[in-house]
Amino acid sequence: MSVIDVLRERGFIQQTTHQEPLYELLEREKVTFYVGFDPTADSLHIGHMLPIMAMHHMQEAGHRPIAILGGGTAMIGDPSGRTDMRKMLTEEQIDHNASCFKEQLSRFIDFSDGKALMINNAEWLRDLNYIAFLREVGSQFSVNRMLTAECYKSRMERGLTFIEFNYMLLQSYDFLMLYRKYGCKLQMGGDDQWSNILSGADLIRRLERGEAYGITFPLLTTSSGKKMGKTEAGAVWLDAQKTSPYDFYQYWRNTDDRDVERFLALYTFLPMDEVRRLGSLKDREINEAKKVLAYEVTRLTHGEEAAKEAQKAAEALFGNAGDESAVPAIPLDRNAVVSGLPIADLLVVAKLAPSKSEARRLIAQGGITLNDQKVTDTNQTVTMDDFPGDEALIKKGKKQFQRIILQ
RNA sequence: GGAGGGGUUCCCGAGUGGCCAAAGGGGGCAGACUGUAAAUCUGUUGGCAUUGCCUUCGAAGGUUCAAAUCCUUCCCCCUCCA
């Protein structure tokens with residue numbers, strides 16, 4: 001079975017250029033391909049997982065992935081799909097973020113022996129000569145045609161700076177440089193990158209009369225319309241320091257019924273027969289599928305051990321069978337409690353409420369439970385008695401838990 | 001550069017001297033119902049304090065007993081013209 005078929009069956013492919021020749025190319029030879037990542041934060045998040053999984057599938061099929069870090073382009077900001085101009089980063093920030101990415105990517109992609117590459121496009125962009133660039137690349141682009149691209153059209157309403165307008169040329173130039181230096185013939189990216197990918201492939205065909213192709217991934221939203229990986233608390237990160245494995249697990253555990261099968265196909269390596277079986281479960285049964293999904297994705301991202309712990313913690317909190325010590329905890333100085341601590345303050349310390357007013361509101365609405373006891377008095381103070389074994393468990397709403405350990 | 005319009009709380013959007021912490025909607029949070037799902041209904045949604053106080057309506061000044069609302073300067077955005 002061809003990788004393309006695998007990717008297609010699992011739901012990775014939104015559009016491709018030159019279907020037939022691309023299909024043949026991937027059958028015929030080991031292809032070097034690339035995916036771009038913008039190093040705008042110091043960790044990847046769930047939104048990046050789709051391309052990462054796709055890269056893994058491709059590598060498994062014998063192709064060579066290149067992860068391009070947009071060190072140069074991040075200094076400009078891509079207008080695609082954005083309503084505002086993106087903030088520009090300093091070189092130091094970008095370099096730091098890039099090194100964080102590599103570590104995370106290594107969990108999914110084998111970088112040993114040149115089986116995959118990671119390249120910063122600053123390598124060729126930072127010292128680019130403007131005149132030379134205009135002559136070689138700029139001459140190949142028609143402004144008229146660029147303006148018809150959806151990503152620019154929508155920005156025409158709100159305003160578009162010249163620097164952003166150049167983004168398409170720079171990304172095309174990346175593709176060109178990778179083609180020349182590494183024989184890279186394929187670019188993959190989100191569907192919002194379609195026009196940038198197309199123009200890159202065109203540029204290679206025009207200047208080098210070479211073969212170049214593109215594949216885009218669907219832009220995922222959950223069935224309830226949210227962007228993938230975004231919660232009210234912010235992005236769900238792959239860095240365990242920024243999003244604990246437990247929270248990561250919970251994100252997947254709470255997947256909408258309608259998304260379970262799609263996500264199992266995209267974010268796990270389970271055989272499709274199994275994916276379809278799990279996805280067809282109905283009603284309460286589908287919770288089994290969600291557990292598998294949560295466990296598998298957590299295992300891939302944080303390792304077997306962390307996944308098991310997260311699962312145990314979830315079982316302890318939701319099924320009262322399991323090991324509560326696996327629940328993430330935060331420390332609290334026991335001196336703060338000895339003389340009695342207002343419950344509202346405790347909630348703030350536990351990060352379950354952003355302010356004491358909010359904490360009081362939560363209590364008044366019956367949303368707080370302390371050690372299985374619903375808190376009813378806004379003015380209650382907690383004392384050492386509330387910390388049997390030096391710890392307490394606070395629950396906010398139905399499924400947010402925080403363990404507090406005295407130190 | 002010229003003319004006009006505008007910047008309000010998480011977002012959209014009312015509000016043109018006191019009744020404004022600021023209508024309404026969206027989103028969020030909580031409660032009920034449930035399957036750690038969805039949908040629905042209810043409550044709530046600046047901060048601190050048990051009456052009350054403090055901070056907020058692009059920024060800084062000013063007028064006034066009193067300003068989101070009036071005046072001055074500045075910054076930013078949009079439309080038309082160059």
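All of these numbers come straight from a predicted model, not from anything done at the bench. Chain A is the first sequence line, chain B the second, and so forth, proteins listed ahead of strands; every chain is numbered from 1.
As rounded to whole Å, 11 Å separates atom C1' of B/G35 from atom CD of A/Glu288. Rounded to an integer number of Å, the gap from A/Gln400 CD to B/A30 C1' is 11 Å. We find that CG of A/Asp256 is positioned 6 Å from C1' of B/A37, with the value rounded to whole Å. Atom CD1 in A/Ile363 sits about 13 Å away from atom P in B/U50, given to the nearest Å. Regarding A/Arg361, its CZ atom lies at a distance of 11 Å from the P atom of B/U44, rounded to whole Å. Atom CG of A/Asp377 is separated from atom P of B/U50 by 12 Å (rounded to the nearest Å). Rounded to whole angstrom, the span from the CG atom of A/Leu362 across to the C1' atom of B/G28 amounts to 12 Å. Distance A/Phe318 CZ to B/U36 P: 8 Å, rounded to the nearest Å.
Between the side chains of A/Glu304 and A/Tyr295, at least one donor N or O sits under 3.5 Å from an acceptor N or O. When only modelled atom types and interatomic distance are considered, A/Gln187 and A/Gln171 share a side-chain donor-acceptor pair under 3.5 Å. Donor-acceptor pairing under 3.5 Å is lacking for the side chains of A/Asp239 and A/Gln104. Side chain to side chain, A/Ser2 and A/Glu27 meet the donor-acceptor criterion of an N or O pair below 3.5 Å.
Across all strands, A/Glu285 comes closer than 4.0 Å to no nucleic acid atom at all (heavy-atom distances). Counting non-hydrogen atoms under 4.0 angstrom, A/Ile368 reaches nothing in the nucleic acid. Contacts of A/Arg253 with the nucleic acid, taken as non-hydrogen atoms under 4.0 Å apart, include base atoms. Here A/Lys356 lies in heavy-atom contact (under 4.0 Å) with sugar-phosphate atoms only. A/Ser355 comes within 4.0 angstrom of sugar-phosphate atoms only, judged by non-hydrogen atoms across all strands, and of no base. Base contact: A/Asp283 has a heavy atom under 4.0 Å from a base atom.
Of the C1' atoms belonging to B/U64 and B/C75, the separation is 27 Å, rounded to the nearest Å. With C1' as the reference atom, B/G17 and B/A3 are 30 Å apart, rounded to whole Å. As rounded to the nearest Å, B/U36 and B/C20 have P atoms that lie 44 Å from one another. Spacing of C1' atoms, B/C80 relative to B/G27, comes out at 36 Å, to the nearest Å. For the P atoms, the distance from B/C11 to B/G58 is 13 Å, rounded to whole Å. Annotation: B/G7 and B/G62 have their P atoms spaced 24 Å apart (nearest Å). For B/A30 and B/A38, the P atoms lie 12 Å apart once the distance is rounded to whole Å. Rounded to a whole angstrom, the distance from the C1' atom of B/C70 to that of B/G18 is 14 Å.
B/C80 is paired with B/G2 under the Watson-Crick or G-U wobble criterion, all donor-acceptor distances under 3.5 Å. In this entry B/C74 has B/G58 as its Watson-Crick or G-U wobble partner, both defining distances falling under 3.5 Å. B/C41 is paired with B/G31 under the criterion used here, namely a Watson-Crick or G-U wobble arrangement in which both key atom distances are under 3.5 Å. Base pairing analysis places B/C65 opposite B/G18; the two distances defining the Watson-Crick or G-U wobble pair are each below 3.5 Å.
Side-chain N/O atoms of A/Lys399 include one lying less than 4.0 angstrom from OP1 or OP2 on B/A37. Distances shorter than 4.0 Å separate none of the side-chain N or O atoms of A/Lys282 from OP1 or OP2 on B/A37. OP1 and OP2 of B/U45 both lie 4.0 Å or more from every side-chain N or O belonging to A/Arg360.
Below the 3.5 angstrom threshold, one finds no donor paired with an acceptor across the side chain of A/Gln365 and the base of B/U44.
Contact record, A/Phe108 with A/Leu238: CE1-CD1, 4.4 Å, taken as the closest heavy-atom pair. What you find for A/Thr378 and A/Ile343 is that their closest heavy atoms are O-CG2, 3.6 Å.
Expressed to the nearest 0.5 Å, how far OH of A/Tyr34 lies from OH of A/Tyr182 amounts to 13.0 Å.
Between A/Asn254 and A/Lys374, the residue anchored nearer the 5' end of RNA chain B, judged by the nucleotide with its closest heavy atom, is A/Lys374.
For A/Ser357, whose side chain is taken as the heavy atoms from C-beta onward, the closest listed nucleotide among B/G47, B/G35, B/C33 is B/G47. In this structure, of B/G31, B/G35, B/A38, it is B/G31 that holds the atom nearest to the side chain of A/Lys398.
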